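Structure, as C-alpha cells:
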Amino acid sequence: MYSEKVMDHFQNPRNVGEIKDADGIGEVGNVRCGDIMKLYIKVGKDETIEDIKFQTFGCGAAIATSSIITELVKGKTLSEAVTISNKDVAEALDGLPPVKMHCSNLAADALRAAVEDYNKKKA
Amino acid sequence: MRKVYLDHAATTPLREEVLEVMLPYFSQHFGNPSSIHWYGREIRKVVEAAREQAKALLGGSSGSIYFTSGGTESDNIAILGAAEALAKKGNHIITSAVEHHAVLDACKSLEKKGYELTVLPVNQHGLVSPDSLAAAITDKTVLVTIMHANNEVGTIQPIKELAAVARQHGVLFHSDGVQAVGQIPVNLDELGVDMYTISGHKIYGPKGVGALYIRKGVKVRPLYHGGAQEEKVRPGTENVAGIVGLARALELAVEEQRSLADTLLPLREKMIKGLTALPDVTLNGHTSLRLPNNVNISVDRVEGESLILSLDMAGIAVSSGSACTSGELEPSHVLMAMGLDHQTAHGSLRMTMGRSTSEQDIDYVLDVVPGIIERLRAMSPLKGEGGKQNVQ
C-alpha cells in the first residue's frame, strides 16, 4: 500500500531528533487521531533553513512525510520553504494511500508552524 | 529471513487434509444438490452429511446448521433476520460494545430503521456482565447478540450465564463464535444459545463459507430471496466444496482443540511475560478468560501501524487496533470500550498464534520487538512519564 519511497523514509528516516537551541518549533496533530509531528528549525543567514530535525509519533506515512520534508527544505529560504504544500510532500514520496492524505500528511503544516514560531520569536 | 505468521485471528491457512476432501467437488462431483437426477442426489447426500456432522461437532442437538458465505453473512442473517421475524413482538435489541463490526453494524442498521439499540458496556478486561444484560432487557426486547470470544483481545464472555438471562426473559440469544471454535470447547446445548455463528477460514478451512446454527422453532427472515436452499434461510446454490471443507475443518478443529490449547497456552504466557517486562508495555484484555492464541499489548508512545510495518520488515506478521489499520479515524472500538485512552489504543498490537507457531517463533519475536520499540520511541516527541498529555 505504501510506495518504496515511503518505506525507505520510514525505514531510514532523515534528520530525526531534536535541536536544543532551535529558532522555531512547529507541532501539529494530536494523539486522538494518532499522529503528532514536531519540527525544529535552525535559521541561518539570509533566512535560510540551516538545520532541521523532526520527532513524530504516528504511522508510516506520518514518519515518512516528516522525514522527506526535512530533505525538501534544508538550505531553502523560509519564504521558499513555506510554499511547499502537503500535496507536494505526498508527491515527493511518489504518493500516499488516499486514506492517509488527510490524517497523516501534516508535515508542511508542521513546517509552517515552525516558521511562524520563528517569526513570532524574532518579533 | 525468518517468517512468522502471528495473525491467525485474521485468517488461517487451509489445511492439506481439508483441501484434499474439497478437491473432488469442484469438477469431478459437480452436480447441483437441488437436482433430482443422480448427479444432484449424490451431492445432496454429501451436503446433508456435512450438515449433520457440523451439528454434532458443535453439540447443537436441538437445531439445524445453515451454510452461508461466512461469518459476516451468518451474523447478518441472525440479527436482521430474527429482528424482522419478531417485529410484531418488539423492536429492542441488545448487543455489546466489543462486537465484531459484522454484528455491531448489523445492529446499527436496525437502529437506523427505527429499532431501539442498547450497546452494553464492558469492564476494563472486555467482559460483559450478566447483571447489566438483565437490567437492559425490557418487554420490547426481541434479541440479544453477544460474541463468544473477542477477535482483538481474546476475552471469553460468560455466554452460558448471558444466554440464561436472555432465556429467563424469553428473549432470543445469538452469539458470534467465529474466534471461539477450535480455541475453546464449544457445546451449543450447554451454552443454551438460540443462534451461533461460525466461519470456515478461521479454523484452517476455506474462505467464503460459514454457518449459522439456529435452534428449532426460531424464525428468521432471509436476507436474500431465491430458491429453497437451506430451508430458504439462505437461498442460492450451495458452495459444495466449501461446505465439505468447512465440515472437515470443523472436525479437525474440535478433535484437536485441547491439544492445540495445551501447546499454545505456555507460548502465550511466555510471550505476555516477555513483552510486558519491557518498559511501558501493558497487556490488554483478561489474564485468564482469554483465548489461548491471543496476545494483545499496548506500547506507550508508539503508534501501532509503525509497529506493524517494522515487524513486517523483520518477517513478523501481526495486526493492530490503531486507527490507521482500521481505515477509520478512531482507534479500535474494542480497546476504547475497555477504557483505554487514545494513545494507548493507537499503540496496540495483536499477535494471534496458530498450529504452526513454535517456541522459536516466540523467541524471535521477543528478540526483535525491544529494538523496534526503542527505535520508534527515539523518534517520538512523546516522552515517558507525563508524555501522555493530549497535545493539541
Side-chain angles (χ1 to χ4, degrees), chain A residues 1-20 22 25-40 53-68 70 96-107 109-110 113-114, chain B residues 1 280 298-315 318-333 335-336 340-349 368 371-384 386-392:
Chain A
M1 62 172 211
Y2 282 134
S3 70
E4 272 177 40
K5 215 155 177 188
V6 171
M7 290 311 291
D8 174 43
H9 277 268
F10 172 71
Q11 218 169 339
N12 312 295
R14 319 333 184 221
N15 305 306
V16 180
E18 200 176 337
I19 300 175
K20 291 279 183 214
I25 300 173
E27 181 165 317
V28 295
N30 61 70
V31 287
R32 198 180 165 82
C33 58
D35 289 307
I36 300 173
M37 280 180 200
K38 206 166 175 181
L39 277 186
Y40 302 82
K53 287 201 186 305
F54 82 87
Q55 289 179 317
T56 292
F57 161 85
C59 63
I63 289 169
T65 52
S66 311
S67 167
I68 201 161
T70 64
L96 285 174
V99 59
K100 301 285 184 185
M101 284 303 284
H102 296 293
C103 62
S104 311
N105 189 14
L106 304 165
D109 298 341
Chain B
M1 184 174 58
D280 301 327
S298 275
V299 181
D300 191 34
R301 310 191 294 287
V302 176
E303 194 274 338
E305 191 204 79
S306 56
L307 280 170
I308 297 182
L309 292 173
S310 304
L311 285 163
D312 185 41
M313 287 176 206
V318 300
S319 77
S320 168
S322 102
C324 286
T325 54
S326 68
E328 291 168 32
L329 290 173
E330 285 287 308
S332 151
H333 67 285
L335 299 176
M336 296 305 284
L340 271 67
D341 61 32
H342 278 84
Q343 192 203 317
T344 315
H346 279 300
S348 74
L349 203 60
V368 163
I372 287 173
I373 293 179
E374 212 172 295
R375 178 180 168 273
L376 291 170
R377 275 190 185 153
M379 242 190 266
S380 174
L382 303 170
K383 298 291 164 236
K388 269 194 174 184
Q389 80 268 18
N390 196 337
V391 187
Q392 290 297 332

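As a basis for the values below, the full set of heavy atoms in this structure was taken, side chains included, without hydrogen atoms, waters or symmetry mates. First the proteins, then the strands, lettered A, B, ... as listed; each starts at 1. Computed from a predicted model, the values in this text were never measured in an experiment.
The minimum heavy-atom distance between B:S306 and A:G58, with the atom names listed, is OG-O, 3.3 Å. What you find for A:T56 and B:P381 is that their closest heavy atoms are C-CD, 3.3 Å. Scanning both residues, B:H342 and A:V31, for their nearest heavy atoms gives CB-O, 3.7 Å. Nearest heavy atom pair, residue A:C59 against residue B:E305, reads CB-OE1, 3.2 Å.
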Report the C-alpha separation of B:E330 and A:R32 in whole Å, then their side-chain angles, then the decisive distance to 0.1 Å, and conclude whether the side-chain contact (heavy atoms from CB on, under 4.5 Å) test is met.
-> CA-CA 7 Å; B:E330 285 287 308; A:R32 198 180 165 82; 3.5 Å; yes
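Under the rule for a side-chain hydrogen bond (donor to acceptor under 3.5 Å, both in side chains), B:D312 has no partner lying at least two apart in sequence or in another chain. Applying the side-chain contact (heavy atoms from CB on, under 4.5 Å) criterion to A:A64, with sequence neighbours excluded, gives A:V6, A:H9, A:L93.
Contacts of B:R375 with chain A are made by side-chain atoms alone, with heavy-atom separations under 4.5 Å and no backbone atom involved. Both the backbone and the side chain of B:M379 come within contact range of chain A, each with at least one heavy atom under 4.5 Å from a heavy atom of that chain. Of the two parts of A:A61, only the backbone, made up of N, CA, C and O, holds a non-hydrogen atom closer than 4.5 Å to a non-hydrogen atom of chain B.
Counted within 6.0 Å of CD on B:E374, heavy atoms from surrounding residues, nucleotides or ligands total 12 or fewer; the atom is thus considered open.
In this structure, the side chain of B:R301 does not engage the main chain of A:F57 through any donor-acceptor pair within 3.5 Å.
Your options are B:S310, B:A378, B:S380, B:G347, and the one with the most heavy-atom pairs under 4.5 Å with chain A is B:S380.
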